[in-house]
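Encoded as structure tokens, the structure appears first; notes follow it.
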Amino acid sequence: MKCDCMNISMYTCTLISVQEDIRGDMWSCRFAYGTQNMLKFSYTNTLTIDLAVGITSANITSPIINPVSVIENTTIIFECQTSTGRPEATIAWYKNNTTPATQITSHTDTSSTQQGDMFVTHGTLILNLQRYDQALGVYCRASNGGRWFTSETKEINVLYGPKMRILQDISVVQGGKFEYPCLYEPGNPPAVSFEWTRSESVASWIKQEKQNLTISTVQRSDEANYTCNVSSILRATLGKETLKYDTATFHLNVIYGAENLKLRINNVSNASVEIEENTTNHIQCSLESDPASNITILKDGKTMIESHGVHQLTHEIKPECSDTGVYTCSGYNEYGAAENASIYLFVKCKL
């Protein structure tokens, strides 16, 4: 050390090179007064020097991988650790999505473990991440009284699944080719898989695993509800793989012309029907079509009754002898006409 007498009442000593071995030593100053032959001594209070040792680093020890992939709306724990030092260090967390970076004060914790007469300081940060946190950077800083040390920045990769758009119901004409895309908003990662399914139907069905639903030739049996399932696999840095999916459904309505026309008299559809004079009887014509059809009932080629936009037409008669003849039904819509059906009606007359 180097000591100097500054004035009659002050004496200073300077430690030129502080070493570890002085830690814990007790220091005091003795001064003398009186004559040379009659010296008296007095002592100051005792001083103990607590020697500080600065840390040399701060590192994020978990997660190790960079960038860190996290599924949205889940929590992840970051851990920061300092090198040894004395006294214990202070750890602060920051996110770099603003300029300057913003300190994170919530959901943080700091603790220390002792190694000999030194300390290692640990910090934890718990974050619940959303998709708007994409590309967020997180790092820690630490100091125990000297300079601040900064860790590497962990980049956040927020994973989330695809989202289906609304699928609109659609009508198509029988006999044509049909193709319908599965519309969706991609997630992260953007790679997806598709699966089309449909509601129960009399026709056989093979699942389609591509974005566009395709029917080479549309039949009436293809009318059903079709559901697209779009999915992606999310591989988080910590945890198992997770399958995220979304679905949407649309109804396929098959348009077709008039088909399967049937003519009945009193629910009988024989080639000829015999009825009694002056009795109540019903002539009924029915068919299948989409949209509904125009139906006409004729006697011997002349129109008796007709109706538009229907699937069935019924006519009541109380026949006379003159009503004997050929009754015919016809039906059609804008997409096609059904084959006519005829019945010969014989009216039995009283003598």
For the residue pair T153 and N66, what are the closest heavy atoms and their distance?
O-ND2, 3.0 Å

Decide whether a cation-pi geometry holds between R198 and Y226; the criteria are a distance under 6.0 Å from NZ or CZ to the six-membered ring centre and an angle within 45° of the ring axis.
no

Ignoring hydrogens and angles, state whether a donor on the side chain of H122 or T113 is under 3.5 Å from an acceptor on the partner side chain.
yes

Is it the case that over 12 heavy atoms from other parts of the model lie below 6.0 angstrom from the NE2 atom of H251?
yes

Look at atom CD of E339 and say whether more than 12 heavy atoms of other residues, nucleotides or ligands are closer to it than 6.0 Å.
no

Classify the side-chain pair S112/E88 by whether it contains a donor and acceptor separated by less than 3.5 Å.
yes

Cation-pi check for Y139 against R141: NZ or CZ below 6.0 Å from the six-membered ring centre and within 45 degrees of the axis, yes or no?
no

Can you name the nearest heavy-atom pair linking I233 to P189, along with the distance?
O-CG, 3.9 Å

Under 3.5 Å, is there a donor on one side chain and an acceptor on the other for E276 and N278?
no

Using a cut-off of 6.0 Å, state whether more than 12 heavy atoms not belonging to L47 lie near its atom CG.
yes

So which of T214, T217, L252 actually passes side-chain contact (heavy atoms from CB on, under 4.5 Å) with F178?
L252

Using the side chain to side chain donor-acceptor pair (under 3.5 Å) rule, take N294 and E306 through it: C-alpha gap first, then chi angles, then the decisive distance, then the call.
CA-CA 7 Å; N294 301 322; E306 62 181 349; over 6 Å; no

Nearest heavy-atom contact between E223 and D290 is OE1-OD2, 4.4 Å

Quick one about E195 and N229 (side-chain donor to acceptor, distance below 3.5 Å, no hydrogens or angles considered), yes or no?
no

I'd like to know if the side chain of E179 pairs up with that of N212 as donor and acceptor (distance under 3.5 Å, no hydrogens or angles considered).
yes

Give yes when the SG atoms of C29 and C13 are nearer than 2.5 Å, otherwise give no.
no

After noting the C-alpha distance and the side-chain angles of F194 and Y184, does the key distance pass the ring pair (Phe, Tyr, Trp, His ring centres under 6.0 Å) rule?
CA-CA 11 Å; F194 299 96; Y184 71 101; 5.5 Å; yes

Under 3.5 Å, is there a donor-acceptor pair linking the side chains of T279 and N281?
yes

So do I275 and K348 actually touch side chain to side chain, heavy atoms under 4.5 Å?
no

For the pair T75 and V70, evaluate side-chain contact (heavy atoms from CB on, under 4.5 Å) and give the outcome as yes or no after the intermediate values.
CA-CA 8 Å; T75 58; V70 185; over 6 Å; no

Between V268 and I297, is there a shared hydrophobic cluster once you connect ILVMFWY residues whose side-chain heavy atoms come closer than 4.5 Å?
yes

Tell me yes or no: between the side chains of N157 and N188, is some donor less than 3.5 Å from an acceptor?
yes

Cluster overlap L238 with I71, hydrophobic side-chain contacts below 4.5 Å:
no

In the structure I gave you, are the side-chain heavy atoms of L183 and M164 within less than 4.5 Å of one another anywhere?
no

Does the side chain of T247 come under 3.5 Å of the side chain of T227 through a donor N or O and an acceptor N or O?
no

Is any side-chain heavy atom of C140 closer than 4.5 Å to a side-chain heavy atom of I60?
yes

Examine Y256 and V218 and state if one hydrophobic cluster contains both, with Ile, Leu, Val, Met, Phe, Trp and Tyr joined whenever side-chain heavy atoms are less than 4.5 Å apart.
no

Does K299 have more than 12 heavy atoms from other residues, nucleotides or ligands lying within 6.0 Å of its NZ?
yes

According to a hydrophobic-cluster definition based on side-chain heavy atoms being under 4.5 Å apart (Ile, Leu, Val, Met, Phe, Trp, Tyr only), do I215 and Y180 belong together?
yes

Salt bridge check: are E259 and R220 linked by an N-O gap of less than 4.0 Å?
yes

